[in-house]
There are 2 protein chains.
Amino acid sequence: MWYDAVMRTYGQYCPLAKTLDVIGDRWSLLIVRELLFRGPCRYTDIRNGLPGIATNLLADRLRDLEQAGVIRREAAPPPVATTLFHLTPRGEELRSVLRAMAQWGLPLLGDAPGDDAFRSHWLAPPAAIYLSDTTPDRPPIAIEVRTGDEPMVIETVDGAVRARLGAVERPDAVLAGPPRIVIDLIIGKLDLAEARARGLRYEGDPEVLGRLQPRAIGEV
Amino acid sequence: MWYDAVMRTYGQYCPLAKTLDVIGDRWSLLIVRELLFRGPCRYTDIRNGLPGIATNLLADRLRDLEQAGVIRREAAPPPVATTLFHLTPRGEELRSVLRAMAQWGLPLLGDAPGDDAFRSHWLAPPAAIYLSDTTPDRPPIAIEVRTGDEPMVIETVDGAVRARLGAVERPDAVLAGPPRIVIDLIIGKLDLAEARARGLRYEGDPEVLGRLQPRAIGEV
DNA sequence: CAGCATCCGCTTTGATACTG
DNA sequence: CAGTATCAAAGCGGATGCTG
């Protein structure tokens with residue numbers, strides 16, 4: 001096997017077109033999403049985060065992105081003993097691109113088909129963008145969110161709202177249910193009572209959740 | 001003719017994937033670029049801004065983007081008397097995505113092949129992102145830039161630097177030459193003397209140009 | 001001429017099977 | 001686990017033709 005495939009490019013002296021030459025192929029940006037939202041991953045981890053990708057395509061894209069200096073593969077020391085894929089600093093700089101695109105796309109989740117695949121980490125970072133802490137002077141809070149394949153935490157850190165995978169010792173509230181209901185609640189499309197009527201489970205003081213408010217459009 | 005083509009989607013309940021379902025196809029974002037950087041355009045104008053696109057693909061993409069609510073077609077009144085393609089408000093909101101991507105891609109112009117196609121308006125908005133006015137308290141300046149197919153103006157407006165297509169009555173300086181030299185000068189890769197040695201023509205007080213400085217990395 | 005649609009050959013993608 | 005090999009289907013690029 002030899003990889004001398006000639007890259008298809010737009011051939012335009014334009015910064016946007018050059019960016020698309022690098023990350024415009026199908027699946028490429030979603031691979032970056034996996035590494036950006038989850039950190040360094042094994043081949044199998046990435047594939048699990050990209051249901052539907054053909055394995056040969058994943059291998060191709062990883063080669064291309066490495067070639068372009070966006071990712072880097074590294075032999076992990078024991079006990080992992082496998083190769084891990086990392087973002088390079090240059091790849092990390094795509095964060096602002098991902099953030100802008102995820103923000104633009106959040107409203108599209110409203111009428112998404114019900115049989116979409118779902119992974120918790122796809123939603124954690126974007127969801128936090130839309131939330132603000134109405135009373136940042138009060139003690140910080142942490143809400144455990146159980147939807148999808150992994151638990152998440154939404155927490156306040158000095159005025160900002162962050163979301164991440166993982167758990168927390170003693171959450172101030174626990175939110176559980178199907179992804180759509182959780183998201184609709186978070187972005188303010190449903191209130192707590194409505195969400196409960198549709199299958200959401202909530203434990204804890206409603207005040208805790210009430211402290212987080214969806215930002216106004218354009219405020220983000 | 002009937003357009004029941006099944007849209008290919010990632011099938012992921014993820015805001016980024018949903019965005020890519022809409023603007024992830026080849027050429028789609030470049031069509032948005034044309035409308036965003038140039039304003040409403042005729043079919044032919046768009047095609048001229050996208051050298052290399054097959055005309056049937058352009059027609060397809062315009063249909064898809066219209067369907068998705070990103071663009072809108074409108075019958076222009078005389079004397080134009082043709083249909084104009086506009087961005088919808090929703091399409092305008094892609095500006096932040098384009099800005100992030102163009103910013104990421106600007107360094108890639110450094111080693112771009114010399115036979116790339118070029119249009120002035122591809123560069124005007126992105127280039128200004130990298131420039132700041134070192135002495136915003138002094139009177140505003142305007143520099144005429146002649147490179148590519150259309151004249152541009154780089155000007156200071158209350159502290160910020162903007163670039164746009166068009167001309168100005170009495171520019172404080174005039175910059176002319178091949179795109180690469182002009183860009184390398186603007187982003188600080190070359191100084192005025194070096195750029196001149198490579199074919200750049202400059203008329204006016206060098207002080208005028210010196211007032212604009214490329215921002216430090218990460219400052220943008 | 002502006003705004004497409006059709007046809008054709010090539011490339012990319014998707015699905016699955018197989019391997020060190 | 002981390003890929004490669006194979007093949008069918010879909011997408012793309014280029015040329016050309018049609019219609020108001």
Side-chain angles (χ1 to χ4, degrees), chain A residues 1-12 17 20-21 23-31 34-35 40-66 71-86 117, chain B residues 1-12 17 20-21 23-31 34 40-67 71-86 117:
Chain A
M1 71 269 191
W2 198 236
Y3 306 112
D4 50 352
V6 54
M7 263 273 237
R8 183 170 59 167
T9 103
Y10 285 108
Q12 300 186 355
L20 290 172
D21 282 341
I23 48 127
D25 277 339
R26 196 162 163 79
W27 296 106
S28 292
L29 259 192
L30 296 183
I31 292 173
E34 291 301 307
L35 297 178
C41 288
R42 296 173 304 171
Y43 187 91
T44 314
D45 299 328
I46 301 178
R47 199 175 48 179
N48 180 266
L50 300 174
I53 197 175
T55 174
N56 58 344
L57 264 193
L58 178 53
D60 281 357
R61 293 292 181 269
L62 289 173
R63 252 193 305 274
D64 295 344
L65 291 173
E66 189 181 15
I71 70 174
R72 167 177 47 95
R73 67 184 78 201
E74 196 167 290
V80 183
T82 182
T83 65
L84 283 183
F85 294 87
H86 295 249
Chain B
M1 71 260 192
W2 196 235
Y3 306 113
D4 49 354
V6 190
M7 261 279 233
R8 184 172 56 164
T9 106
Y10 285 108
Q12 300 186 356
L20 290 171
D21 283 341
I23 47 123
D25 277 338
R26 195 163 163 78
W27 295 107
S28 293
L29 258 193
L30 296 184
I31 292 173
E34 291 301 307
C41 289
R42 296 173 304 171
Y43 186 92
T44 314
D45 299 329
I46 301 179
R47 199 175 47 178
N48 180 266
L50 301 175
I53 196 174
T55 173
N56 58 342
L57 264 193
L58 178 53
D60 282 356
R61 293 292 181 270
L62 289 172
R63 250 194 306 276
D64 295 344
L65 291 172
E66 188 181 16
Q67 187 81 18
I71 70 174
R72 167 176 45 95
R73 66 185 79 202
E74 196 167 287
V80 183
T82 182
T83 66
L84 282 183
F85 295 87
H86 296 248

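Naming convention: chains lettered A, B, ... in sequence-line order (proteins, then strands); numbering from 1 in each chain.
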Measure [atom1]/[X] against [atom2]/[N] and give the value in whole Å, please.
X	N	atom1	atom2	result
Asp64(B)	dA10(D)	CG	P	16 Å
Leu84(B)	dC4(C)	CG	P	12 Å
Leu58(B)	dT6(C)	CG	C1'	16 Å
Leu30(A)	dT13(C)	CG	C1'	15 Å
Glu66(A)	dG3(D)	CD	P	10 Å
Arg61(A)	dG3(D)	CZ	P	15 Å
Asp21(A)	dC12(D)	CG	C1'	15 Å
Ile71(B)	dG3(C)	CD1	C1'	13 Å

Can you check whether [X] has a side-chain N or O nearer than 4.0 Å to OP1 or OP2 of [N]?
X	N	result
Trp27(A)	dT12(C)	no
Arg42(B)	dC1(C)	no
Arg63(A)	dT4(D)	yes

Euclidean distance, [Y] [atom2] relative to [X] [atom1], rounded to 0.5 Å:
X	Y	atom1	atom2	answer
His86(A)	Glu66(A)	NE2	CD	11.5 Å
Arg73(B)	Leu84(B)	CZ	CG	11.5 Å
Asp25(B)	Met7(B)	CG	CE	6.5 Å
Leu30(A)	Ile23(A)	CG	CD1	10.5 Å
Ile71(B)	Leu62(B)	CD1	CG	4.5 Å

Query - Nucleic acid footprint by protein, nucleotides 15-20 of chain C - heavy-atom cut-off 4.0 Å, B for base, S for sugar-phosphate alone - result: BBB---
Query - 5′-ward residue of the pair Arg73(B)/Arg26(A) relative to DNA chain C - result: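 Comparing both residues, the 5'-ward one is Arg73(B).
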Query raised in the report: Nearest nucleotide by nearest heavy atom, which residue falls closer to the 5' end of DNA chain C, Ala59(B) or Asp25(A)?
Result: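 It is Ala59(B), whose closest nucleotide lies nearer the 5' terminus.
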Query - Nearest listed nucleotide, side chain of Leu57(B), among dC12(D), dG14(C), dG3(C) - result: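 Minimum distance to the Leu57(B) side chain belongs to dC12(D).
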Requested in this report: Compare the minimum distances between each of dG3(D), dT13(C), dA2(C) and the side chain of Arg47(A), then state the nucleotide with the smallest one.
Outcome: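 Nucleotide nearest to Arg47(A)'s side chain: dG3(D).
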**Report entry** Sole residue of Thr82(B), Asn48(B), Thr55(B) in side chain to side chain donor-acceptor pair (under 3.5 Å) with Tyr43(B)
**Finding:**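 The passing option is Thr55(B).
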Query raised in the report: With nearest nucleotides of DNA chain D determined for Thr44(A) and Arg8(A) from heavy-atom distances, which residue corresponds to the more 5′ nucleotide?
Result: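 Residue closer to the 5' terminus by nearest nucleotide: Thr44(A).
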Query raised in the report: Minimum heavy-atom separation for Glu34(A) to Leu50(A), with atom names?
Result: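 Closest pair (atom of Glu34(A), atom of Leu50(A), distance): CG-CD2, 4.0 Å.
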